[in-house]
Amino acid sequence: MNPESVSNGDENSGQTSDVSAGGARATPGMELLKDIELPVTLRFGSAQMSLRELVGLNTGAVIELDRALTDQVEILVGGSVIARGEPIVVQGVYGVRVSEITGRQQRLMTTSLQAAVSAGSVE
């Protein structure tokens, strides 16, 4: 029997039946990519220090960040901000409650800005 002639009971047996959150049909290749694990970084803030200050750090030293306690935490994947949220504690473990997913345009701008900074073209 020809595998293409076998029907799974779906009228559109020639199309994939998986639907992504965006409403578009997912391709088989995309399904494979969904299982890839990526490192996620949470950024509570940042600070710029001289090498002299870094060498002078001791246990108990406090590094002041550029954000307030009430500011949102940034969630980064591959150096790009993909979401923001508020820090929480769940059963004694830190977590982040996602409150905003960044748009594609914002992610692209973040990535291109980081590339420019690492290349030294931004003053």
Side-chain angles (χ1 to χ4, degrees):
M1 181 177 264
N2 182 355
E4 293 174 0
S5 66
V6 177
S7 175
N8 61 4
D10 186 2
E11 294 283 324
N12 299 321
S13 61
Q15 298 178 0
T16 175
S17 61
D18 294 330
V19 177
S20 68
R25 295 204 179 271
T27 62
M30 181 60 86
E31 287 303 312
L32 291 174
L33 292 175
K34 288 181 179 180
D35 289 331
I36 295 174
E37 292 189 19
L38 300 169
V40 175
T41 303
L42 302 178
R43 183 165 52 195
F44 288 83
S46 62
Q48 190 165 0
M49 301 174 73
S50 69
L51 184 55
R52 182 180 321 281
E53 292 170 317
L54 283 173
V55 172
L57 290 176
N58 292 315
T59 302
V62 175
I63 300 172
E64 188 175 333
L65 302 177
D66 61 352
R67 296 217 177 130
L69 188 59
T70 57
D71 288 347
Q72 291 190 328
V73 174
E74 292 177 325
I75 303 167
L76 295 92
V77 173
S80 296
V81 177
I82 62 155
R84 292 181 181 81
E86 63 179 282
I88 61 170
V89 177
V90 179
Q91 297 178 354
V93 178
Y94 288 114
V96 174
R97 178 177 290 126
V98 176
S99 59
E100 171 191 353
I101 304 291
T102 59
R104 185 173 189 212
Q105 193 71 5
Q106 280 183 297
R107 289 192 303 268
L108 292 174
M109 287 176 45
T110 303
T111 303
S112 61
L113 178 60
Q114 284 183 332
V117 168
S118 64
S121 62
V122 174
E123 298 176 11

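Each residue takes its place number in the sequence, starting with 1.
Note that CD of E100 is 9.5 Å distant from CD of E74, once rounded to the nearest 0.5 Å. Residue D66 holds its CG atom at 9.5 Å from CD of E64, rounded to the nearest 0.5 Å.
Each of T41, V96, I101 was compared with I75 under the side chain to side chain contact (heavy atoms under 4.5 Å, CB included) criterion, and only V96 meets it.
By the 6.0 Å contact criterion, CG on L54 is enclosed, its count of non-hydrogen atoms from other residues, nucleotides or ligands being greater than 12.
When every heavy atom of G79 is checked against every heavy atom of L76, the shortest pair comes out as O-CD2, 3.6 Å. Across all non-hydrogen atoms, the minimal contact from S99 to G85 is OG-CA, 3.6 Å. The minimum heavy-atom distance between V98 and A83, with the atom names listed, is CG1-CB, 4.1 Å.
Side chains of R43 and V81 form a contact here, defined as non-hydrogen atoms less than 4.5 Å apart.
If you chain together hydrophobic residues whose side chains sit under 4.5 Å apart, V40 and L33 fall into the same group. Grouping the Ile, Leu, Val, Met, Phe, Trp and Tyr side chains by contacts below 4.5 angstrom, directly or via other members, places L42 apart from I88. In the hydrophobic clustering of this structure, L38 groups with V73; members are Ile, Leu, Val, Met, Phe, Trp, Tyr whose side-chain heavy atoms approach within less than 4.5 Å, directly or through other members. Placement of M30 and I36 within a single hydrophobic cluster is found when ILVMFWY residues are connected by side-chain heavy-atom separations under 4.5 Å, directly or transitively.
Side chain of D71 to main chain of A68: a donor-acceptor pair is present (N/O by atom type, distance under 3.5 Å, no hydrogens or angles).
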- prompt: Run the side-chain contact (heavy atoms from CB on, under 4.5 Å) check on I63 and E53 step by step: do they pass?
  reply: CA-CA 10 Å; I63 300 172; E53 292 170 317; over 6 Å; no
